[in-house]
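Written below as structure tokens is the structure these notes are about.
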Amino acid sequence: MAPAPTHPIDTKGHPIILIGLMGCGKTTVGKMLSKRTGMPLLDTDAIIEEQTGLSIPDIFREYGEAHFRSLETALLRYLLEQKIQPAPVISTGGGIVVRPENRSILRQLGFTVWLNVSVRTLLHRTRLSTNRPLLQSPDRHDILSRLLSERRPYYREAAHYRLNSSRMDIPTVVSHVCHRAERFFERFTPNEPNNTPLVSDENIIG
């Protein structure tokens, strides 16, 4: 029997979604957040790989990035329309925010958290990675710097909450997300457009 969650959250049937650049910690944070809240964990990359029978690098190589982004959009639409219960924690791919439609869906779907970390931290965390198509280059610093610069406004548009987590350990990140999610869902009104502005972790007290 699985242990009881230590921080259950009433999300009113809506998920908590993690976004951010590759290596920001979405998968690791998602796993601990799932255990702490009792919410199941969904990983969009893993779902797409299961549905297609192909790895993400193989999808990029055989069909191109645009096709992969279309698969992400289709999955987000499904999650929004079906309202899967119990509401999950959703870990997303780093580029899911590139499409404007996806950014809109993410804000409608639930509480979207941007895990924002420095390029230095991203380089350290991805140094041994071989399954990230956009990082298959000897100059990963330039690639990550460019991607972060390009996508920063997209993450900002899609997120309800930005957590600058470069210097935080995983339990601390999860605690911040849990407490901010509680505050978000206390004010959340289902079936109404969610235009809550992005809030940074600089506003957290304690």
Side-chain angles (χ1 to χ4, degrees), residues 2 4-21 24-45 47 72-94 96-117 151-165 168 170-206:
T6 58
H7 199 143
I9 299 172
D10 180 9
T11 67
K12 300 180 180 178
H14 293 264
I16 298 173
I17 309 109
L18 304 176
I19 64 174
L21 207 59
C24 71
K26 298 183 296 290
T27 300
T28 306
V29 170
K31 289 177 180 177
M32 183 175 289
L33 186 60
S34 173
K35 290 181 180 179
R36 190 170 293 190
T37 62
M39 301 168 69
L41 177 64
L42 297 182
D43 184 299
T44 59
D45 281 355
I47 292 172
E72 288 182 318
T73 300
L75 177 56
L76 285 180
R77 286 177 182 161
Y78 174 84
L79 293 171
L80 180 64
E81 293 168 1
Q82 296 302 314
K83 296 181 171 58
I84 294 174
Q85 299 300 314
V89 173
I90 302 175
S91 174
T92 65
I96 204 164
V97 297
V98 169
R99 285 193 170 189
E101 180 179 4
N102 290 359
R103 301 195 291 272
S104 174
I105 294 174
L106 286 166
R107 288 188 66 85
Q108 296 174 62
L109 192 55
F111 178 52
T112 303
V113 178
W114 170 19
L115 300 180
N116 183 39
V117 300
R151 294 177 181 176
R152 185 179 286 112
Y154 302 152
Y155 291 130
R156 175 176 288 276
E157 181 182 337
H160 297 103
Y161 172 45
R162 180 187 70 229
L163 181 60
N164 295 324
S165 54
M168 294 182 182
I170 299 303
T172 301
V173 173
V174 171
S175 293
H176 278 296
V177 173
C178 284
H179 288 296
R180 184 61 72 170
E182 283 183 322
R183 293 173 61 181
F184 176 86
F185 285 110
E186 284 173 358
R187 305 189 303 269
F188 183 79
T189 303
N191 302 320
E192 289 189 6
N194 201 332
N195 297 316
T196 306
L198 180 144
V199 178
S200 79
D201 55 350
E202 297 170 356
N203 301 112
I204 294 177
I205 299 175

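If you read the sequence from its start, that first residue is 1, and numbering goes on from there.
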Side chains of [X] and [Y]: closer than 4.5 Å at any heavy-atom pair?
X      : Y      : value
Cys178 : Ile9   : yes
Ile90  : Leu18  : no
Leu42  : Ile47  : yes
Arg180 : Val113 : no

Examine distances only and state if a side-chain atom of [X] and a backbone atom of [Y] form a donor-acceptor pair shorter than 3.5 Å.
X      : Y      : value
Thr37  : Pro8   : no
Lys83  : Gly13  : no
Thr112 : Leu106 : yes
Arg187 : Arg183 : yes
Asn116 : Arg162 : no
Ser34  : Met39  : yes

What's the separation between atom [atom1] in [X] and atom [atom2] in [Y], rounded to the nearest 0.5 Å?
X      : Y      : atom1 : atom2 : value
Trp114 : Arg151 : CH2   : CZ    : 12.5 Å
Ile16  : Thr11  : CD1   : OG1   : 6.5 Å
Leu79  : Gln108 : CG    : CD    : 12.5 Å
Ile105 : Glu81  : CD1   : CD    : 8.0 Å

Provide the full list of salt bridge (Lys or Arg N to Asp or Glu O under 4.0 Å) pairs with a residue in residues 97-106, sequence neighbours left out, each pair given once.
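Pairs touching residues 97-106 that pass the test: Arg77-Glu101, Arg103-Glu157.
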Report the relative orientation of the aromatic rings in His160 and Phe111; use parallel for angles under 30°, tilted for 30 to 60°, perpendicular for over 60°.
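Geometry flag for Phe111 against His160: parallel rings.
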Which residues satisfy the side chain to side chain contact (heavy atoms under 4.5 Å, CB included) test with [X], sequence neighbours excluded?
X      : result
Glu186 : none
Gln82  : Tyr78, Ile84
Pro171 : Met32, Arg36, Asp169

Output all residues satisfying ring-ring contact (aromatic ring centres under 6.0 Å, His included) with Tyr154, sequence neighbours left out; order by chain, then residue number.
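If we apply the ring-ring contact (aromatic ring centres under 6.0 Å, His included) test to Tyr154, skipping adjacent residues, there are no hits.
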Listed by chain and number, what are the side chain to side chain donor-acceptor pair (under 3.5 Å) partners of Asp43, not counting sequence neighbours?
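Per chain and number, Asp43 pairs via side chain to side chain donor-acceptor pair (under 3.5 Å) with no residue.
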Verify whether the ring centers belonging to His14 and Phe188 lie closer than 6.0 Å.
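Yes.
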